[in-house]
Number of protein chains: 2
Amino acid sequence: MNTLAYGLLSLLSHSSLSGYDLMLRIQPFWPAKHSQIYPLLARLERNGMVSCELVQQSDKPDKKVYSINDKGIAALQEWLTVPASDPVMRDELMLKAFCMSHVDPAVSRELFAARLEHYRNKLERLCQKIKSVRQVDELEEDQMPSYQSPYFGAYIMLNKALMSCRTNIEWCEWVLAVIPVEEASVE
Amino acid sequence: MNTLAYGLLSLLSHSSLSGYDLMLRIQPFWPAKHSQIYPLLARLERNGMVSCELVQQSDKPDKKVYSINDKGIAALQEWLTVPASDPVMRDELMLKAFCMSHVDPAVSRELFAARLEHYRNKLERLCQKIKSVRQVDELEEDQMPSYQSPYFGAYIMLNKALMSCRTNIEWCEWVLAVIPVEEASVE
DNA sequence: AAAACCATGTAAATTGTTACATGATTGC
DNA sequence: GCAATCATGTAACAATTTACATGGTTTT
């Protein structure tokens, strides 16, 4: 049982999902490829944590829908009592920022402009996501899902993503403001 | 040449460092253990990216100090022209947040209280770090290092770390405010 | 018909962590 | 003496990514 395994159980604790769906939904919190998810789901099934049902579809290819078992829920409850390990962030841009002074400011500006664009797109997607969660849980303006609601966790995470995204945008804009604009070079 | 390799070159582009120092300094941006760093440095030396000199110390064990070569600088300059790949963040707390509703609010509060503490300690360390960088680069209040200064990159990254840390603290405090406080259970 | 998305899997390679190993030096 | 920090390395294991493989369905 590694972290990704618990992550899959965590998603399955609210609704049954296919491996493909799990792969898409876990991305924002714990990036993983389908080649990691499928064998892990098979292992969780062997361990009795989840059950699997083949669902035939007419409009799309058939799929295997996984559901969490009591044993899986128990594993989650146990897991929640141990402190979360420190978050791990790996950002190539940070490493590049460290040696920026070795290239033309224009080259550096380009790096941060691209990242700013990345965060602006992310913000856009997030706002839409939050709107859709609000609709599904039938919430009024500024109203929170209750702690018992399966959307409570999703809501606080979306809020974190939103706050982080805005901070990152602010930071990128500040960096672009402090990197000198290219002077006309020697004619 | 993987990202960690470029990261080491990036750090070496400002000053020569031992493998041990590199290991400590790269942690905030790209976590890596010494077991990954030492063999990689040996490879970079074989590739002619860095040179190594044995430095004898009387107060501490002897060490190998690595310096970047022209080939290493050229590799960095090339690397800076390609866009940085998307940052990767893996946070177990996010996965736990998703299935929180399956346990008592007190259990959840504990998770976020621990994380809040983690970020508060980090903020403390960051503030001291920023102060020391300001001293080394002899900066007045609110003054930035120039783009050419080797501290420019460090400064903008410290600023990012500071902004992110504050956002995370704010978020943790908000989460602790919205998780219901344990009601007296059935007597 | 080609591209895009849905869907599931395995194999190989790379990256990263933990454990094994060793040893100097300093402060308690 | 013992723990902590400094210092370097290798081996085994676990996690992750990339590539290989296949095939249905929908939209352009």
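None of these values were measured; they are calculated from a predicted model. Order of the sequence lines sets the chain letters (A, B, ...), proteins ahead of strands, with each chain counted from 1.
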Looking only at side chains, do B:Tyr119 and B:Arg166 share a donor and an acceptor under 3.5 Å apart? no
Separation of C:dT8 atom C1' from A:Met23 atom CE, nearest Å, is 10 Å
Rounded distance in Å - OH (A:Tyr66) to P (C:dA7): 13 Å
Would you say the side chain of A:Phe29 lies within less than 4.5 Å of the side chain of A:Ser10, judging by non-hydrogen atoms? no
Contact class for B:Ser35 vs. all strands (heavy atom < 4.0 Å): base, sugar-phosphate, or nothing? base
Among D:dA15, C:dG16, C:dT10, the one nearest A:Pro39 by side-chain distance: C:dT10
Tell me the interatomic distance from B:Ile37, atom CD1, to C:dT15, atom P, rounded to whole angstroms. 14 Å
Should A:Arg90 be listed as having a side-chain N or O under 4.0 Å from OP1 or OP2 of C:dT15? no
C:dT14 C1' sits how many Å from B:Leu40 CG, rounded? 12 Å
Are B:Tyr20 and D:dT8 close enough that a side-chain N or O sits under 4.0 Å from OP1 or OP2? no
When all nucleic acid strands are considered with a 4.0 Å heavy-atom cut-off, which category describes A:Lys33: base, sugar-phosphate, or nothing? base
May I ask you to verify if any side-chain N or O of A:Trp30 is less than 4.0 angstrom from the OP1 or OP2 atom of D:dT16? yes
Select one nucleotide: of C:dT10, D:dT26, D:dG9, the one nearest the side-chain heavy atoms of A:Asp59. D:dT26
Below the 4.0 Å mark, does C:dT25 have OP1 or OP2 next to a side-chain nitrogen or oxygen of B:Gln57? no
Could you check how far CG of B:Leu4 sits from P of D:dT17, rounded to whole Å? 16 Å
Nearest to the side chain of B:His34, which nucleotide is it out of D:dG9, D:dA7, D:dA19? D:dG9
Mind calculating the distance between CG (A:Leu54) and C1' (C:dT8) to the nearest angstrom? 11 Å
Should B:Tyr38 be listed as having a side-chain N or O under 4.0 Å from OP1 or OP2 of D:dT8? yes
Assert: residue with more 5' nearest nucleotide on DNA chain D, out of B:Asp21 and A:Arg43, is B:Asp21
Integer-rounded Å distance: D:dT8 P and B:Gln56 CD: 13 Å
Where do A:Lys122 and B:Asp86 land on the salt bridge (Lys or Arg N to Asp or Glu O under 4.0 Å) test, with the steps shown first? CA-CA 11 Å; A:Lys122 195 176 167 183; B:Asp86 292 348; over 6 Å; no
Whether A:Lys64 contacts C:dG9 is assessed here as follows: a side-chain N or O lying under 4.0 Å from the phosphate OP1 or OP2. Is that the case? yes
Expressed as a whole number of angstroms, how long is the span from A:Leu22:CG to C:dC6:P? 14 Å
Please check if the distance between the ring centroids of A:Trp171 and A:Phe112 is under 6.0 Å. yes
Taking C-beta and beyond as the side chain, do B:Tyr6 and A:Lys96 meet within less than 4.5 Å on heavy atoms? no
Between B:Ser149 and B:Tyr155, do the side chains contain an N or O donor and an N or O acceptor separated by less than 3.5 Å? no
When you measure only distances, ignoring hydrogens and angles, does the side chain of A:Ser18 come within 3.5 Å of the base of C:dT8 through a donor and an acceptor? no
Side-chain N,O (A:Gln36) to OP1/OP2 (D:dT16) below 4.0 Å: yes
